[in-house]
Amino acid sequence: MSRIDRRFAALKAAGRTGLIPFVTAGDPAPEHTVALMHALVDAGADVIELGVPFSDPMADGPVIQHASERAIAKGVGLADVLEWVAAFRERDQDTPIVLMGYLNPVEIHGYQRFASEAVGAGVDGVLVVDCPLEEAEVLAPLRNAGLQQILLAAPTTAPARMAQLCEAAEGFLYYVSFAGITGAGRLSTQDIAARVADIRQRAKAPVAVGFGVKDAQSAKAISGFADAVVIGSALVERLDGANTEQDVIARVDAFLRPIRAALDAV
């Protein structure tokens, strides 16, 4: 059983909703990335979604786009991200890590090489935004190496394709709460609750809901019908400008701990 599967099994047994924060690797400062990851866990993260900086993050809104730009300007690349995961694993062997990003950096790195190095570093899953299910065969080396491919579903997903996604889902199925980019303010839990409930009944993996989750209130609303909540842009925005390790840790704690408390109060 993978780390992701073990974590969701533990959450289910405890009757808790998972909290999956997203941060961009290398932002706000490359040298604080590992400390940032540990701070996320200390503040209540169940899974870490670590963004790989990319020059054309088409699914992301301005906040995460700018975070990628800042990280790239500081020379951050895929090799650095894998080194930080390995460093994180020196102290934490339990928290699942999912790399979120785009196909180009993986293809340039080489699929087999990436698969080997990612598993060796301690990565558990990959969410490749621009590699749809129909093209997923290119990621076979990653899955064969033991990395779980996290798939995306959305309100616009056709019924037949949704059935395919539910069948193929592993780790967790990431349900995008609306048709749009990360960080937009259109979250309407009433609109998506019934659909997520239906997906959870059919999917072979837990369902996490993201996009538009900004605070404890919106996270708590989603926790009523999802297995986990993903929160990214609001956290990345809160971290922008932090320039010391202590500041990074303090901002993470102030932002994430109330969300964890709200989820546990459900």
**Q** Kindly compute the distance separating CG (L40) from OG1 (T95), expressed to the nearest 0.5 Å.
**A**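 Spacing of CG (L40) from OG1 (T95) equals 9.5 Å.
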**Q** If we ignore hydrogens and angles and just use 3.5 Å, is the side chain of S177 paired with the main-chain N or O of G210 as donor and acceptor?
**A**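 The answer is yes, because a donor-acceptor pair under 3.5 Å joins these two groups.
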**Q** If you count every heavy atom of other residues, nucleotides or ligands that lies below 6.0 Å from R91 atom CZ, does the total exceed 12?
**A**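 It does not: R91 CZ has 12 such atoms or fewer within range.
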**Q** Could you work out, with side chain to side chain donor-acceptor pair (under 3.5 Å) as the rule, every residue matching E134, not counting sequence neighbours?
**A**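 Expected list: R161.
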**Q** For the atom pair CD1 (I222) and OG1 (T17), what is the distance rounded to the nearest 0.5 Å?
**A** 10.5 Å
**Q** Side chains of E49 and L127: does their closest heavy-atom pair fall under 4.5 Å?
**A** yes
**Q** When you group the ILVMFWY residues by side-chain heavy-atom contacts below 4.5 Å and let the links chain together, are L173 and M1 in the same group?
**A** no
**Q** Do V41 and V85 sit in one hydrophobic cluster, given that two such residues count as connected whenever their side-chain heavy atoms are within less than 4.5 Å of each other, even indirectly?
**A**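 Same hydrophobic cluster.
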**Q** Is there side-chain contact between M100 and V126, with heavy atoms separated by less than 4.5 Å?
**A** no
**Q** Applying side chain to side chain donor-acceptor pair (under 3.5 Å), name anything that partners R238, two or more places apart in sequence or on another chain.
**A**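 Side chain to side chain donor-acceptor pair (under 3.5 Å) check on R238 returns nothing, list empty.
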**Q** Is I64 close to P57 at the side-chain level, that is, under 4.5 Å between some pair of heavy atoms?
**A** no
**Q** Taking all non-hydrogen atoms of both residues, which atom of V248 and which atom of P28 are closest, and how far apart?
**A** CG2-CG, 3.9 Å
**Q** From D42 CG over to M37 CE, what is the distance, rounded to the nearest 0.5 angstrom?
**A** 12.5 Å
**Q** Which distance, rounded to the nearest 0.5 Å, do you find between the CZ of F255 and the CD1 of I231?
**A** 3.5 Å
**Q** Going by the rule ring-ring contact (aromatic ring centres under 6.0 Å, His included), which residues pair with F114 if we only count those two or more places apart in sequence or in a different chain?
**A**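 Here no residue qualifies.
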**Q** Looking only at heavy atoms, which two atoms of P53 and T24 are closest? And how far apart?
**A**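 For P53 and T24, the tightest heavy-atom pair comes out as CG-CG2, 4.1 Å.
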**Q** Side-chain donor-acceptor pair under 3.5 Å between N144 and Y111, yes or no?
**A**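 Judged by distance alone, the side chains do not pair up.
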**Q** Mind checking ring-ring contact (aromatic ring centres under 6.0 Å, His included) for H109 and listing every partner two or more places apart, or none if nothing turns up?
**A** none
**Q** Keeping the roles fixed (side chain from T157, backbone from A154), state whether a donor-acceptor pair exists under 3.5 Å.
**A** yes
**Q** Are K204 and E170 ion-paired here, with the side-chain N under 4.0 Å from a carboxylate O?
**A**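 E170 and K204: not salt-bridged.
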**Q** Identify, with sequence neighbours excluded, every residue that meets side chain to side chain donor-acceptor pair (under 3.5 Å) alongside E69.
**A** H66
**Q** Identify the heavy atoms of L82 and A118 that sit nearest to each other, and give their distance.
**A**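 L82 and A118 have their closest heavy atoms at CD2-CA, 3.9 Å.
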**Q** Is the backbone of Y102 close enough, under 3.5 Å, to the side chain of D130 for a donor and an acceptor to pair up by distance?
**A**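 The answer is no, because no donor-acceptor pair under 3.5 Å joins these two groups.
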**Q** Less than 4.5 Å apart, any side-chain heavy atom of P21 and any of L256?
**A**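 In short, these two side chains touch, coming nearer than 4.5 Å.
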**Q** Compare all side-chain heavy atoms of I48 with those of I20 and state whether any distance is below 4.5 angstrom.
**A**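 When only atoms from C-beta onward are counted, I20 and I48 do not touch, as no gap falls below 4.5 Å.
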**Q** Partners of D124 by side chain to side chain donor-acceptor pair (under 3.5 Å), sequence neighbours excluded?
**A** R3, R89
**Q** Are side-chain heavy atoms of C166 and M162 found at a separation under 4.5 Å?
**A**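 A side-chain contact under 4.5 Å exists here.
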**Q** Determine which pairs satisfy salt bridge (charged side-chain N to carboxylate O under 4.0 Å, His left out) with at least one residue from residues 224-237, sequence neighbours left out, and list them in order.
**A**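 Of all non-adjacent pairs touching residues 224-237, those that pass salt bridge (charged side-chain N to carboxylate O under 4.0 Å, His left out) are R200-D227.
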**Q** Taking salt bridge (charged side-chain N to carboxylate O under 4.0 Å, His left out) as the cut-off, I'd like each qualifying pair that reaches into residues 72-82, sequence neighbours left out, listed once.
**A**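 Applying salt bridge (charged side-chain N to carboxylate O under 4.0 Å, His left out) to every pair that reaches into residues 72-82, excluding sequence neighbours, yields nothing.
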**Q** Can you run down the side-chain hydrogen bond (donor to acceptor under 3.5 Å, both in side chains) pairs that involve residues 246-262, sequence neighbours left out, and say none if there aren't any?
**A** D46-R260, D247-R251, D253-R257, R260-D264
**Q** For the residue pair L133 and Q164, establish whether any side-chain heavy-atom pair is separated by less than 4.5 Å.
**A**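 In short, these two side chains touch, coming nearer than 4.5 Å.
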**Q** Using modelled atom types only, decide if a donor and an acceptor are shared between the side chain of R143 and the backbone of Q148 within a distance under 3.5 Å.
**A**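 The answer is no, because no donor-acceptor pair under 3.5 Å joins these two groups.
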**Q** Do I259 and D215 have side chains that get closer than 4.5 Å, going by heavy atoms?
**A**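 I259 does not reach D215 side chain to side chain.
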**Q** Between S116 (side chain) and Q112 (backbone), is there a donor-acceptor pair under 3.5 Å?
**A** no
**Q** Between T33 (side chain only) and A25 (backbone N and O only), is there a donor and an acceptor less than 3.5 Å apart?
**A**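 Not confirmed, T33 side chain does not pair with A25 backbone.
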**Q** Test: ring-ring contact (aromatic ring centres under 6.0 Å, His included). Region: residues 120-172. Which pairs qualify, not counting sequence neighbours?
**A**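 ring-ring contact (aromatic ring centres under 6.0 Å, His included) check on residues 120-172 returns F8-F172.
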**Q** Hydrophobic clustering (ILVMFWY, side-chain heavy atoms < 4.5 Å, transitive) - are V207 and F225 grouped together?
**A**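 Looking at the clustering, V207 is in the same group as F225.
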**Q** How far apart are the closest heavy atoms of L147 and G125, and which atoms are they?
**A** CD2-N, 4.3 Å
**Q** When clusters are formed by joining ILVMFWY residues with side-chain heavy atoms under 4.5 Å apart, either directly or through shared neighbours, do V236 and I249 land in the same one?
**A**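 No: no chain of side-chain contacts under 4.5 Å links V236 to I249.
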**Q** How close do V63 and S233 get, heavy atom to heavy atom, and via which atoms?
**A**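 Closest pair (atom of V63, atom of S233, distance): CG1-O, 3.4 Å.
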**Q** Could you work out, with ring-ring contact (aromatic ring centres under 6.0 Å, His included) as the rule, every residue matching F22, not counting sequence neighbours?
**A** none
**Q** Specify the closest pair of heavy atoms between F54 and I72, including all atoms of both residues, with the distance to one decimal.
**A** C-CD1, 3.5 Å
**Q** Ignoring hydrogens and angles, tell me if any N or O in the side chain of S68 forms a donor-acceptor pair with the backbone of Q65 under 3.5 Å.
**A**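 Checked: no pair found.
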**Q** As an exercise, state the distance from CG of L36 to CG of D27, rounded to the nearest 0.5 Å.
**A**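 Reported value, rounded in 0.5 Å steps: 9.0 Å.
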**Q** Determine, step by step, whether V196 and V209 satisfy the side chain to side chain contact (heavy atoms under 4.5 Å, CB included) criterion, reporting the C-alpha distance in whole Å, the side-chain angles of both residues, the deciding distance to 0.1 Å, and the verdict.
**A** CA-CA 8 Å; V196 172; V209 175; 4.0 Å; yes
**Q** Treat each ILVMFWY residue as a node, draw an edge where side-chain heavy atoms are under 4.5 Å apart, and state whether V98 and V129 are in one component.
**A** yes
**Q** Does anything in residues 75-98 form a ring-ring contact (aromatic ring centres under 6.0 Å, His included)? List the pairs, not counting sequence neighbours.
**A**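 The answer is H38-F88.
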